[in-house]
Amino acid sequence: MPEVTVRTASVTEIQADVLVVNLFKGVQVPGGATGAVDRALGGLISQAIAAGDLKGDLGETAIFYTQGRLPARKVLVVGLGKAEKFGLPEVRKVAAIAARAAWKSGARSIATIAHGAGIGGLDPVRAAEATVDGTLHGLYRFAGYKTGDREDRPPVEEVILVERDEAKAGAMVAGAEVGRILAESVNWARDLGNRPANRLTAADLAEEAVRMAREVGLEAEVLERADLERLGANLLLAVNRGSAEPPKMIVLRYRGAGTGKPIALVGKGLTFDTGGISLKPAENMWDMKFDMCGGAAVLGAMRAIALLRPAADVLAVVPATDNMPDGASYKPGDVIQGLSGKTVEIRSTDAEGRLILADGLAYAVREGAARIITVSTLTGGALVALGRVRSALIANDDRWAEEVLAAAADAGEKVWRLPADEEYRELFKSEIADMTNGGKREASTIQGGLFLLQHVGDVPTAHLDIAATAWTSGDRTQEPGATGVATRTLVAAVRRYRQEA
Ligand code: BES
Ligand code: MN
Ligand code: ZN
């Protein structure tokens, strides 16, 4: 990952392969940093604006060669869109787009102003945070497994945040640091998401979690098969029954308040989902290596939390296994009593995420969770309901739901709440057990969420279904692969959380 520094300097004196400045839509003669660059370039930028070649649309980019008129070799102007619609999410977005465009133009070093930090704009510290966060998110690439020389372009090694005003630059150091911690933690989660199942088993996931915990100073504990048997985490054990790999329940703890009533983050760590005996079709089954992205988001968030040190207690629980067909597999019709004590009749072994999460949730409740957020690639229905734009939220408590939605907005992640009326429980009613694990197609995302809520008693719980948002085919802001979605929302929720008396 590139090194990040904040430098007190003028854009006209900073040295870098590419210098990033910006332009609001509708501006004819740019001011501020962009104006200074424009003047140094003899009006090249305002000329492009006047000719209609540069409009300042959100995410638009134009590259200018400086021809020795500035120490930077090239200037990249990125459009900020309309000033009225500009906020921190837009900062992250344009920073990512600009960084990727700079990298694609061959830059090894990028200097950038903090987007939106000008007079009358956003809080400069938050603008610095979001600029660095977006930049590092955009520059992330999965190392992969190609042998031989990598034919493609070299990585960016240096990101310099430039600010002329000394006091402002001083304040921006803290923001840049937060942005770096966030993006590096999200990218750490993306690395896990991108690893295929043969290179990320439940044991590997646990090992990565423990190593990370040791590095950042978190308490870590891994519940092994025998521990799970003793506890009665029979739903996780059932899903694991067809597997050649042992199950793990990864537990991390951060103590920033000493209340003993933590906020619990519970993530689905399903390292590969074949569907089990209710086998999925072969086509595109390989995507199901992504089925631990919820767990990765929880672990990535814990990494950031350990480094940012908010005043809250946090418990992370990630039940981990793959879901495989085998002679020993659990079967449709089986009835299993999970850690919460409730019995579940299996209708589809492919609705496995809710099963392992039910045990993770019950464990969090036992450990005294005051609030819970779960994250999982739970249902294909999330794609049908909301497409790839928003993650789905299902909650049993309006205030907590509002808090999590506000955290997501803070983090620049799009979430939409779905209803959780009791009537939907009809859809997973069982004749012989407390509930089925679903399997009917209608309202499947709501069913998945409501199922989870059966295992938390009355602890305020918000469930995020990231099935449609955890993976991308790539766009101007990010590489193809795992997106790390929900990591930022979890961190924001913990940072906002204030323990009630
Ligand atoms: N991991 C899948 C969810 C999923 C499916 C994500 C397709 C992305 C694309 C989950 O375990 C699953 O298989 N869910 C089933 C549940 C059904 C059997 C009730 C689904 O959504 O089809
Ligand atoms: Mn499944
Ligand atoms: Zn799954």
Side-chain angles (χ1 to χ4, degrees), residues 185-186 188-193 195 200 202 204-206 208-210 212-213 218 220-223 233 235-236 239 247-254 262-273 289-306 314-323 352-365 367 369 371-379 382 391-394 404 407-408 411 413 415 448-449 452 455-456 461-467 469-471 482-494:
S185 299
V186 172
W188 182 87
R190 291 165 87 184
D191 264 342
L192 293 178
R195 281 167 64 173
L200 190 77
D204 295 331
L205 188 62
E208 293 293 349
V210 169
M212 176 276 285
L218 290 166
E221 183 186 356
V222 178
L223 306 183
L235 290 165
L236 173 57
V239 173
K248 305 280 172 179
M249 182 112 83
I250 303 162
V251 180
L252 304 182
R253 286 186 176 82
Y254 165 78
I263 166 167
L265 312 178
V266 182
K268 174 176 175 183
L270 211 290
T271 57
F272 195 78
D273 186 9
K289 67 178 177 176
F290 95 132
D291 215 14
M292 34 54 66
C293 282
V298 164
L299 298 174
M302 289 304 281
R303 181 187 184 278
I305 288 162
V314 190
L315 167 72
V317 182
V318 178
T321 179
D322 51 7
N323 182 24
E352 84 298 337
R354 66 198 69 183
L355 301 176
I356 69 170
L357 285 168
D359 279 348
L361 287 165
Y363 186 79
V365 171
E367 294 296 302
R371 297 280 186 285
I372 301 175
I373 307 176
T374 73
V375 190
S376 55
T377 48
L378 202 67
T379 63
S391 305
L393 173 77
I394 290 141
V404 175
E413 296 189 319
V415 176
L452 297 180
H455 301 270
V456 297
T461 299
H463 152 66
L464 288 167
D465 192 332
I466 59 166
T469 51
W471 197 262
T483 61
V485 74
T487 310
R488 288 183 182 83
T489 296
L490 294 176
V491 177
V494 169

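The basis for the numbers below is simple: all heavy atoms, side chains too, and nothing from hydrogens, waters or symmetry mates.
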- prompt: Can you name the side-chain contact (heavy atoms from CB on, under 4.5 Å) partners of T379, sequence neighbours left out?
  reply: R354, A382, S444, T445, D465

Salt bridge (Lys or Arg N to Asp or Glu O under 4.0 Å) partners of R488, counting only residues at least two apart: D133

- line: What one should report as the nearest heavy-atom pair of G267 and L357 is C-CD2, 3.7 Å

message: Could you report the tightest heavy-atom contact between C293 and G193, atom names first, then the distance?
response: SG-CA, 3.9 Å

query: For the atom pair CG (L223) and OH (Y363), what is the distance rounded to the nearest 0.5 Å?
result: 5.0 Å

- request: Identify the two heavy atoms, one from V375 and one from A297, that lie closest to each other, and give their separation to 0.1 Å.
  value: CG1-CB, 4.4 Å

statement: CD1 of I356 to CG of L270, rounded to nearest 0.5 Å, is 4.5 Å

message: If we ignore hydrogens and angles and just use 3.5 Å, is the side chain of T483 paired with the main-chain N or O of T469 as donor and acceptor?
response: yes

task: Grab the two heavy atoms, one from V415 and one from A408, that are nearest each other, plus how far apart they are.
output: CG2-CB, 3.6 Å

Candidate pair T461 and V266, rule side-chain contact (heavy atoms from CB on, under 4.5 Å), full reasoning: CA-CA 10 Å; T461 299; V266 182; over 6 Å; no

message: Tell me the closest heavy-atom pair linking A364 and V317, and the distance in Å.
response: CB-CG2, 4.4 Å

message: According to side chain to side chain donor-acceptor pair (under 3.5 Å), does anything in residues 263-272 pair up with another residue at least two apart or in another chain? List the pairs.
response: K268-D291, K268-E352

task: Apply side-chain contact (heavy atoms from CB on, under 4.5 Å) to the pair L315 and L265, showing each step before the final yes or no.
output: CA-CA 6 Å; L315 167 72; L265 312 178; over 6 Å; no

- request: Report the residues that fulfil salt bridge (Lys or Arg N to Asp or Glu O under 4.0 Å) with K289, sequence neighbours left out, ordered by chain and then residue number.
  value: none

- request: Please tell me if the side chains of L236 and P319 come closer than 4.5 Å, counting only heavy atoms from C-beta onward.
  value: yes

statement: Residues passing the side-chain contact (heavy atoms from CB on, under 4.5 Å) test with A462, sequence neighbours excluded, are L393, A395, W400, V404

task: Please lay out, stage by stage, how L361 and I372 fare under the test side-chain contact (heavy atoms from CB on, under 4.5 Å).
output: CA-CA 8 Å; L361 287 165; I372 301 175; 3.6 Å; yes

query: Has the side chain of E221 got a donor or acceptor atom that lies under 3.5 Å from a matching backbone atom of V251?
result: no

- request: Please step through side-chain contact (heavy atoms from CB on, under 4.5 Å) for the pair L299 and W188, ending with a clear verdict.
  value: CA-CA 9 Å; L299 298 174; W188 182 87; 3.5 Å; yes

field: OG1 on T377 to CG on D273, rounded to 0.5 Å
entry: 8.0 Å

task: Give, for atom CG of L452 and atom CG of L378, the distance between the pair rounded to the nearest 0.5 Å.
output: 5.5 Å

- request: Could you tell me the separation between the CD1 atom of I250 and the CD atom of E208, rounded to the nearest 0.5 Å?
  value: 10.0 Å

task: For D322, check salt bridge (Lys or Arg N to Asp or Glu O under 4.0 Å) against everything at least two apart and list the hits.
output: none

- prompt: To the nearest 0.5 Å, how far apart are CG in L200 and CG in L205?
  reply: 5.0 Å

message: Testing the basics here: between L464 and A486, what is the closest heavy-atom pair and its distance to 0.1 Å?
response: CD1-CB, 4.4 Å

